[in-house]
Amino acid sequence: MAPQTEHDPARHDPGQPILMFDSGVGGLSVLAALRRLLPQAPVIYVADNAGLPYGQKSEAEIAARVSGLLGRMTERLRPRLVCIACNTASTIALAAVRDVLEVPIVGTVPAIKPAAAMTQSGVIGLLGTEATIRQGYVDRLEALFAADKILLRHGAPELVTAAEARLRGHPVDPAAARRAVAALRAMPGGDRIDTVVLACTHFPLIANELHESFGPGVRFVDGAEGIARRIVSLTQGQEFARCEPDLALFTRDEKDLAELTPALSAAGLERIALF
Ligand code: DGL
């Protein structure tokens, strides 16, 4: 019998979960893409609500927090793969997390490359958190894939709040989307934006409000499909079997967590617990 290598798919127990990590419930937009490609994969979805919002934290805080949490979580939960769905966490902490964890890690890449291929006008908008938009990681993607385009960035923390509210069943104030769009449109060349990178997991959850504010002729692109495809490729040949209902884990108890039950259940997360 051939010796088992480190990546031998046979060593995975079919019930071993994929751990999907986000600062909040924004990563459910990524989980939806994964469900379409790998509906049978058991998932533990982690929302670090005690740390939300990441977008207003320092790089050092985010790197320490995400690697510490994921270190403890992988030890306790033994996932076969960790997906850092959160753009802020990925663009800041991916390398640090990879340094400390043995398990395969899939990070998020703001979708600048596909946006550059899609734009006709040559002007791309990028909406992310304030922490994401200032990252060298984004500068490098811009230099690599959009050097001949104009990339206009805007940090929109209130859209994170709006998406969290939506999934709790609260109404979303469309003015938040209007303000974010107005900020991009006001930049030089902003009137020619025809493609927008949603570089935050939360933003696809309020895409309707954003579409309405941008008006017709503006297309959105995010990283969810790409992440899902990457997970499929890294788990090729592995068996999956869901032995118990999928779990949503939160890092802090909050009185409104129960309001998330319908959204979590719609995402196939039938159990809620605290980590
Ligand atoms: N969901 C996170 C992202 O994709 C950001 C939200 C936050 O500020 O924590 O960047």
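Hydrogens, waters and symmetry mates play no part in the numbers below; they use all other heavy atoms, side chains included. For the single chain, residues carry numbers from 1 onward in sequence order.
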Which residue pairs satisfy the salt bridge (Lys or Arg N to Asp or Glu O under 4.0 Å) criterion with at least one member in [range], sequence neighbours excluded?
range            : answer
residues 223-236 : Arg36-Glu225
residues 71-96   : none
residues 159-176 : Glu164-Arg168, Arg166-Glu209, Arg168-Glu254, Arg168-Asp256

Do [X] side-chain atoms and [Y] backbone N/O form a donor-acceptor pair below 3.5 Å?
X      : Y      : answer
Thr119 : Ala115 : no
Arg185 : Phe214 : yes
Asp222 : Leu198 : no
Asn49  : Phe250 : no
Arg242 : Ala41  : yes
Ser29  : Thr201 : yes

By salt bridge (Lys or Arg N to Asp or Glu O under 4.0 Å), which residues pair with [X], not counting sequence neighbours?
X      : result
Asp48  : Arg65
Asp191 : none
Glu244 : Arg271
Arg179 : Glu158

Pairs under 3.5 angstrom only: tabulate donor-acceptor contacts from the side chains of residues 261-268 to other protein residues two or more places apart or in another chain.
from: Thr261; atom 1: OG1; to: Ala258; atom 2: O; distance (Å): 2.7
from: Ser265; atom 1: OG; to: Glu270; atom 2: OE1; distance (Å): 3.3

Between His12 and Phe240, is there a side-chain heavy-atom distance shorter than 4.5 Å?
no
Scan the side chains in residues 86-96 for donor-acceptor partners under 3.5 Å anywhere in the protein, sequence neighbours excluded, and list what turns up.
from: Thr88; atom 1: OG1; to: Thr129; atom 2: OG1; distance (Å): 2.9
from: Thr88; atom 1: OG1; to: Thr132; atom 2: OG1; distance (Å): 3.1
from: Ser90; atom 1: OG; to: Ile84; atom 2: O; distance (Å): 3.1
from: Ser90; atom 1: OG; to: Cys86; atom 2: O; distance (Å): 3.4
from: Ser90; atom 1: OG; to: Thr108; atom 2: N; distance (Å): 2.8
from: Thr91; atom 1: OG1; to: Asn87; atom 2: O; distance (Å): 2.8
from: Thr91; atom 1: OG1; to: Thr88; atom 2: O; distance (Å): 3.3

Shortest non-hydrogen contact from Val172 to Ala162?
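That would be CG2-O, 3.4 Å.
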So which heavy atom on Cys200 is nearest to which on Gly128, and how close?
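Result for this residue pair: CB-CA, 4.2 Å.
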For Pro174, enumerate each residue passing the side chain to side chain contact (heavy atoms under 4.5 Å, CB included) test, keeping only those at least two apart in sequence or located in another chain.
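Pro174: side chain to side chain contact (heavy atoms under 4.5 Å, CB included) contacts with Arg178.
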Can you measure from [atom1] ([X]) to [atom2] ([Y]) and round to the nearest 0.5 angstrom?
X      : Y      : atom1 : atom2 : answer
Ile193 : Ile124 : CD1   : CD1   : 9.5 Å
Leu184 : Leu210 : CG    : CG    : 9.5 Å
Leu38  : Thr235 : CG    : OG1   : 5.0 Å
Leu69  : Ser23  : CG    : OG    : 11.5 Å

In a table with atom names and distances, give each donor-acceptor pair under 3.5 Å that connects a side chain of residues 136-150 to protein atoms at least two apart or in another chain.
from: Asp139; atom 1: OD1; to: Arg153; atom 2: NH1; distance (Å): 2.9
from: Asp139; atom 1: OD1; to: Arg153; atom 2: NH2; distance (Å): 2.8
from: Glu142; atom 1: OE1; to: Arg153; atom 2: NH2; distance (Å): 2.7

Residues at least two apart in sequence or cross-chain that pass ring-ring contact (aromatic ring centres under 6.0 Å, His included) with His211, listed by chain then number, are Phe220
